[in-house]
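In what follows, a structure is listed as structure tokens, so that the remarks can point back to it.
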Amino acid sequence: MKTLKISLAALLISFLAPLQAQTADDILANYFENIGGLEKMKSIKGVKMTAKVSQGGMEIPLEILQLNDGRQMTVINFQGKEIKQGVFDGNTLWSHNFMTMKAEKSDAEATANFKLNSNDFPDSFINYKEKGYTVELMGKETIDGAETYKIKLVKEPIMVDGKQEEDVSFYFFDSENFVPIAVQSEVKSGPGKGMTSEVTMSDYQEVDGIYFPFSMTQGVKGQPGSPLTIESIVLNPTVEDGAFAFPDEIKEDK
């Protein structure tokens with residue numbers, strides 16, 4: 001697979017940037033062009049990623065599956081068991097309990113919030129205006145030594161403990177390659193409430209003409225995160241019809 005190269009258009013824009021004001025839409029247009037093209041992105045019907053996450057000194061294999069109709073899940077293979085997390089069949093959100101291995105449905109609020117994001121495949125910025133989202137260029141900021149354009153993305157409001165709140169994320173686009181290298185957002189609930197979550201991305205590689213980050217780290221800003229290394233990406237994979245269905249029973253291994 002090829003690694004990301006700076007396109008001629010990106011080089012020209014980088015050179016001309018001091019001469020004219022950039023807008024968020026300018027940056028997004030060049031982002032889509034540099035990763036393979038907007039129309040090519042829109043044509044993706046599904047993505048299957050095989051990866052390993054480093055946690056607690058262990059490397060845990062997993063698969064991430066996302067489809068353009070909103071269905072998605074993460075399958076973790078741990079100590080001989082297959083554990084599904086964040087499974088969404090279009091209506092029901094569920095996961096396996098790590099302790100009991102039983103399938104448990106998420107509450108109505110979490111499911112509703114998850115469903116709002118199901119139209120973001122394969123990228124939140126595609127047709128963002130039609131979705132009712134807004135974007136704003138906040139200026140430049142240095143992330144891990146790289147100069148970036150900071151773009152604020154505001155999506156549909158979500159519910160948090162019964163109250164409506166803004167869903168805001170900040171994307172940091174490398175000023176040379178026009179690809180995001182970090183995403184930050186406020187943690188709305190749980191032990192980390194009020195903290196800033198951060199996902200960093202690097203090692204962009206080409207898969208069937210489209211570039212994806214093959215290295216990511218997720219955690220809290222300013223603290224060590226959990227590195228995720230993607231080993232392979234398959235576009236438009238074949239998926240069994242019942243893969244996302246909530247099971248009536250979980251049979252324990254005998």
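Asn177 places none of its side-chain heavy atoms less than 4.5 Å from the side chain of Tyr31. Residues Tyr211 and Gln205 form no side-chain contact, since every pair of their non-hydrogen atoms from C-beta on lies 4.5 Å or further apart. Side-chain contact between Met201 and Pro180 is present, with at least one heavy-atom pair separated by less than 4.5 Å. Val168 places none of its side-chain heavy atoms less than 4.5 Å from the side chain of Leu153. With a 4.5 Å cut-off on side-chain heavy atoms, Phe244 and Asn91 do not count as touching. Residues Lys42 and Asn127 have side chains in contact (heavy-atom distance under 4.5 Å, counting atoms from C-beta outward). Between Val183 and Glu198 there is no side-chain heavy-atom pair separated by less than 4.5 Å. Using a 4.5 Å cut-off on side-chain heavy atoms (C-beta onward), Thr217 and Val199 make no contact.
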Determine, step by step, whether Val87 and Phe246 satisfy the side-chain contact (heavy atoms from CB on, under 4.5 Å) criterion, reporting the C-alpha distance in whole Å, the side-chain angles of both residues, the deciding distance to 0.1 Å, and the verdict. CA-CA 8 Å; Val87 186; Phe246 181 80; over 6 Å; no

Given side-chain contact (heavy atoms from CB on, under 4.5 Å), test Met216 with Thr200 step by step and report yes or no. CA-CA 5 Å; Met216 292 181 277; Thr200 59; 6.0 Å; no

Apply side-chain contact (heavy atoms from CB on, under 4.5 Å) to residues Asp208 and Ile210 and explain how you reach the verdict. CA-CA 6 Å; Asp208 296 339; Ile210 300 175; over 6 Å; no

Given Tyr128 and Asp123, is the side-chain hydrogen bond (donor to acceptor under 3.5 Å, both in side chains) satisfied, shown in steps? CA-CA 9 Å; Tyr128 76 86; Asp123 192 291; over 6 Å; no

Test side-chain contact (heavy atoms from CB on, under 4.5 Å) on Lys155 and Lys131 and set out the steps. CA-CA 8 Å; Lys155 303 200 294 185; Lys131 298 173 187 175; over 6 Å; no

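Centroid-to-centroid, the aromatic rings of Tyr149 and Tyr171 stay 6.0 Å apart or farther. Taking the six-membered ring for Trp, Phe114 and Phe88 have ring centres closer than 6.0 Å.
A donor-acceptor pair is defined here as one N or O able to donate and one able to accept, closer than 3.5 Å; such a pair exists between the side chain of Asp174 and the backbone of Glu176. Checked by atom type and distance alone, the side chain of His96 pairs as donor or acceptor with a backbone atom of Lys84 at under 3.5 Å. When atom types are taken as modelled, the side chain of Ser43 and the backbone of Lys40 share a donor-acceptor pair closer than 3.5 angstrom. Using a distance-only test at 3.5 Å, with no hydrogens or angles considered, no donor-acceptor pair links the side chain of Thr142 to the main chain of Gly145. Checking side-chain atoms of Asn97 against main-chain N and O of Thr100 turns up a donor-acceptor pair under 3.5 Å. Remark: side-chain polar atoms of Glu147 are not paired, donor with acceptor, to backbone N or O of Glu141 under 3.5 angstrom.
The CZ atom of Phe170 lies 9.5 Å from the CD atom of Glu186; values are rounded to the nearest 0.5 Å. For the atom pair OG1 of Thr50 and CD of Glu63, the computed distance is 4.5 Å after rounding to the nearest 0.5 Å. The CD1 atom of Ile60 lies 5.5 Å from the CZ atom of Phe78; values are rounded to the nearest 0.5 Å. The distance from the CD1 atom of Ile35 to the CZ atom of Phe178 is 13.5 Å, given to the nearest 0.5 Å. Note that NZ of Lys221 and OG of Ser197 are 11.0 Å apart. Values are rounded to the nearest 0.5 Å. Going from atom CD of Glu206 over to atom CZ of Phe212 covers 10.5 Å, rounded to the nearest 0.5 Å.
Between Thr74 and the choices Ile83, Ile64, Val53, the side chain to side chain contact (heavy atoms under 4.5 Å, CB included) rule is met once, by Ile64. The side chain to side chain contact (heavy atoms under 4.5 Å, CB included) test with Phe121 is passed by exactly one of Leu67, Asp69, Val47: Val47.
For residues 161-173, the pairs satisfying salt bridge (Lys or Arg N to Asp or Glu O under 4.0 Å) are Glu165-Lys188, with sequence neighbours left out.
Across Ala182 and Ile143, no two heavy atoms sit closer than the pair CB-CG2, 4.1 Å. Here the closest non-hydrogen pair linking Leu28 and Phe173 is CD2-CZ, 3.8 Å. Between Thr111 and Ser106, the closest heavy-atom pair is OG1-O, 3.6 Å. Pairing each heavy atom of Ala51 with each of Leu228, the nearest pair is CB-CD1, 3.7 Å. Scanning both residues, Pro227 and Gly225, for their nearest heavy atoms gives CD-O, 3.4 Å. The nearest pair of heavy atoms linking Ser226 to Gln55 is OG-NE2, 3.6 Å.
The environment of Lys45 atom NZ is sparse: at most 12 non-hydrogen atoms of other residues, nucleotides or ligands sit within 6.0 angstrom. Heavy atoms of other residues, nucleotides or ligands lying less than 6.0 angstrom from CD of Glu156 number more than 12. Residue Asp107 places its CG atom among more than 12 non-hydrogen atoms of other residues, nucleotides or ligands, all under 6.0 Å distant. Atom CD of Glu240 has 12 or fewer neighbouring heavy atoms from other residues, nucleotides or ligands inside a 6.0 Å radius. Enclosure of atom NZ in Lys52 is not indicated, since only 12 or fewer non-hydrogen atoms of other residues, nucleotides or ligands lie within 6.0 angstrom.
Under the 4.0 Å criterion applied to side-chain N and carboxylate O atoms, Arg71 and Asp241 are not assigned as salt-bridge partners.
Judged by the 6.0 Å and 45° rule, Lys150 forms no cation-pi pair with Phe172.
Hydrophobic clustering keeps Val154 apart from Ile126 (ILVMFWY residues linked when any side-chain heavy atoms are closer than 4.5 Å, directly or through intermediates). Cluster membership for Val234 and Phe214, using ILVMFWY side-chain heavy atoms within less than 4.5 angstrom, is not shared. Both Met41 and Tyr133 belong to a common hydrophobic cluster when Ile, Leu, Val, Met, Phe, Trp and Tyr are linked at side-chain heavy-atom distances under 4.5 angstrom. Cluster annotation: Leu116 and Leu93 are assigned to distinct hydrophobic clusters (Ile/Leu/Val/Met/Phe/Trp/Tyr, side-chain heavy-atom contacts under 4.5 Å, transitive). Val135 and Leu137 fall within a single hydrophobic cluster, where Ile, Leu, Val, Met, Phe, Trp and Tyr side chains are chained together by heavy-atom contacts under 4.5 Å.
Every residue was checked against the side chain to side chain donor-acceptor pair (under 3.5 Å) condition with Asn68, not counting sequence neighbours, and none meets it.
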